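Everything on this sheet refers to the single structure shown next.
Below, chain A is the first sequence line, B the second, and so on; all start at residue 1. None of these values were measured; they are calculated from a predicted model.
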Number of protein chains: 2
Amino acid sequence: MPLDLSVDRSSPVPLYFQLSQQLEAAIEHGALTPGSLLGNEIDLAARLGLSRPTVRQAIQSLVDKGLLVRRRGVGTQVVHSQVKRPLELSSLYDDLEAAGQRPATKVLVNTVVPASTEVAAALGVAEGSEVHRVERLRLAHGEPMAHLCNYLPHGLIDLDTDQLQATGLYRLMRTAGITLHSARQSIGARSATAAEAERLGEPEGAPLLTMQRTTYDDTGRAVEFGAHTYRPSRYSFEFQLLVRS
Amino acid sequence: MPLDLSVDRSSPVPLYFQLSQQLEAAIEHGALTPGSLLGNEIDLAARLGLSRPTVRQAIQSLVDKGLLVRRRGVGTQVVHSQVKRPLELSSLYDDLEAAGQRPATKVLVNTVVPASTEVAAALGVAEGSEVHRVERLRLAHGEPMAHLCNYLPHGLIDLDTDQLQATGLYRLMRTAGITLHSARQSIGARSATAAEAERLGEPEGAPLLTMQRTTYDDTGRAVEFGAHTYRPSRYSFEFQLLVRS
DNA sequence: TCAATCCGTATGTCCGGACAACCGAACTAC
DNA sequence: GTAGTTCGGTTGTCCGGACATACGGATTGA
């Protein structure tokens with residue numbers, strides 16, 4: 001059964017994208033079983049009335065996602081799954097929501113402060129210049145999960161406390177027209193101070209998972225710097241890596 | 001100064017790859033300054049005697065690396081740097097070596113054991129079947145930095161203790177002809193048990209950074225499962241993320 | 001003066017074809 | 001029986017062209 005694929009040429013959606021979506025769905029759905037050959041590109045193109053480059057572009061996008069593997073002289077195979085999602089630049093809020101965890105946010109601080117040396121260096125602004133400072137407690141199922149402290153350049157975005165309670169910071173930034181591009185992260189661990197333990201409902205000296213992140217938009221501007229602490233009993237970083245070959 | 005680019009058609013290296021390497025070097029070297037336009041693809045192709053698709057392929061690879069940004073109707077710009085390396089599937093050994101840290105390895109255990117429930121599930125083998133078990137202490141500058149416990153399917157690779165001391169596990173696997181494809185990771189934190197504290201030279205109850213990882217080859221086979229603990233005072237996970245758009 | 005429109009330009013998509021490089025299996029020769 | 005060779009099949013690379021689409025600035029109009 002050669003799988004029923006079709007493309008809609010009247011659609012504004014690019015043909016290669018239509019195809020890659022259908023292939024991905026077929027893999028997800030099990031119509032294309034792991035290890036099975038995909039059939040050669042020429043035939044596939046002919047069958048769909050597409051050119052080979054277009055088919056290749058569709059396949060390539062799935063190879064980049066780690067769903068397919070090409071072998072010269074052999075063909076294109078479906079990877080033996082295990083692949084879920086590669087690491088994305090996502091917000092904790094969205095992650096929790098996607099996991100059905102019903103996240104909630106408690107805004108502790110939402111103000112403007114002069115930039116400390118560390119914050120100024122991270123955001124690439126002058127020391128002492130005004131920056132937004134947001135401190136939040138992230139809850140899941142009513143239990144504190146993480147303490148989030150973020151700094152943003154002044155004037156970049158309107159930080160409304162109500163909106164911060166209702167959604168994540170990244171979604172706010174995207175809505176404001178900022179196109180996120182990359183981020184530098186550092187994940188570590190340390191003992192909780194008395195104040196941190198208190199905030200998160202952990203005993204003093206308990207181990208904490210820490211994450212520092214600076215996010216840049218597509219012009220290279222730093223748009224956010226954050227120092228987060230997580231309760232390791234309730235949160236860990238899970239992600240998938242792909243080999244860049 | 002329009003940058004001197006050239007390609008060698010007699011070389012077996014693909015033309016698009018030659019071009020992307022030269023562009024990357026130019027960016028690295030500063031010949032292409034952040035924010036500057038790259039010049040349109042048509043001219044670039046004509047100047048190099050290449051076709052536009054080839055030039056596009058070169059540019060696209062750098063866009064995927066996060067070095068360039070394309071804007072329709074505008075052009076292709078160099079990202080305002082900050083980009084170093086996206087997260088790779090690399091071994092701790094290679095990372096330390098690249099950072100000039102002079103890593104050393106002390107093999108504590110190198111044996112074959114029956115797979116526990118957890119290990120069997122991770123590697124996708126029958127519970128109780130034989131698997132390699134390797135336990136190592138990773139040192140930098142003579143100081144313990146991490147404790148690495150790894151399991152590998154039996155018969156996949158010849159695990160020589162001397163080789164394990166001299167290099168990293170990933171390099172051994174690649175040398176053995178295994179093509180790594182993806183990995184699932186989980187990073188967390190917890191308190192050190194007495195034995196762990198002893199091994200790493202930390203006080204009992206000290207916070208530890210933990211990482212569990214299952215690595216798959218390009219056929220989807222699990223080829224390695226590891227449970228690592230790191231001294232947070234000496235190690236943290238640092239990496240760069242790109243937005244997949 | 002300010003807003004809407006037009007237009008040049010650059011990337012985005014797509015086509016059809018060609019040859020090269022590589023893998024695996026069948027075949028052949030020893 | 002085994003080793004080497006040939007050969008079909010598939011992906012990798014590259015070409016030259018065509019039209020669509022979106023952005024930004026200049027022009028035009030109110």
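Between A:Thr54 and A:Val74, the residue anchored closer to the 5' end of DNA chain C is A:Thr54, taking for each the nucleotide with the nearest heavy atom. Projected onto DNA chain D by closest heavy-atom contact, B:Arg52 and A:Arg56 fall at different nucleotides, the more 5' of which corresponds to A:Arg56.
Using a 4.0 Å cutoff to heavy atoms of chain B, the contacted part of DNA chain D runs 5' to 3' from D:dT13 to D:dG24.
With rounding to whole Å, B:Leu38 atom CG is found 8 Å from C:dT11 atom P.
Within the structure, the side chain to side chain donor-acceptor pair (under 3.5 Å) test picks out the following pairs touching residues 156-165 of chain A (sequence neighbours left out): A:Asn110-A:Thr161. Residue pairs meeting the salt bridge (Lys or Arg N to Asp or Glu O under 4.0 Å) criterion with at least one partner in residues 11-20 of chain B, sequence neighbours excluded, are absent. The stretch residues 10-35 of chain A participates, sequence neighbours left out, in these salt bridge (Lys or Arg N to Asp or Glu O under 4.0 Å) pairs: A:Glu24-A:Lys65.
When the salt bridge (charged side-chain N to carboxylate O under 4.0 Å, His left out) test is applied to A:Arg70, the partners found at least two apart in sequence or on another chain are A:Glu41. For B:Arg72, there are no salt bridge (charged side-chain N to carboxylate O under 4.0 Å, His left out) partners, not counting sequence neighbours. Partners of B:Glu118 by salt bridge (charged side-chain N to carboxylate O under 4.0 Å, His left out), not counting sequence neighbours: none found. Residues forming a side chain to side chain donor-acceptor pair (under 3.5 Å) with B:Thr105 (at least two apart in sequence, or on another chain): B:Arg138.
Within residues 8-17 of chain B, the residues having any heavy atom closer than 4.0 Å to DNA chain D are, in order of number, B:Arg9, B:Pro14, B:Leu15, B:Tyr16.
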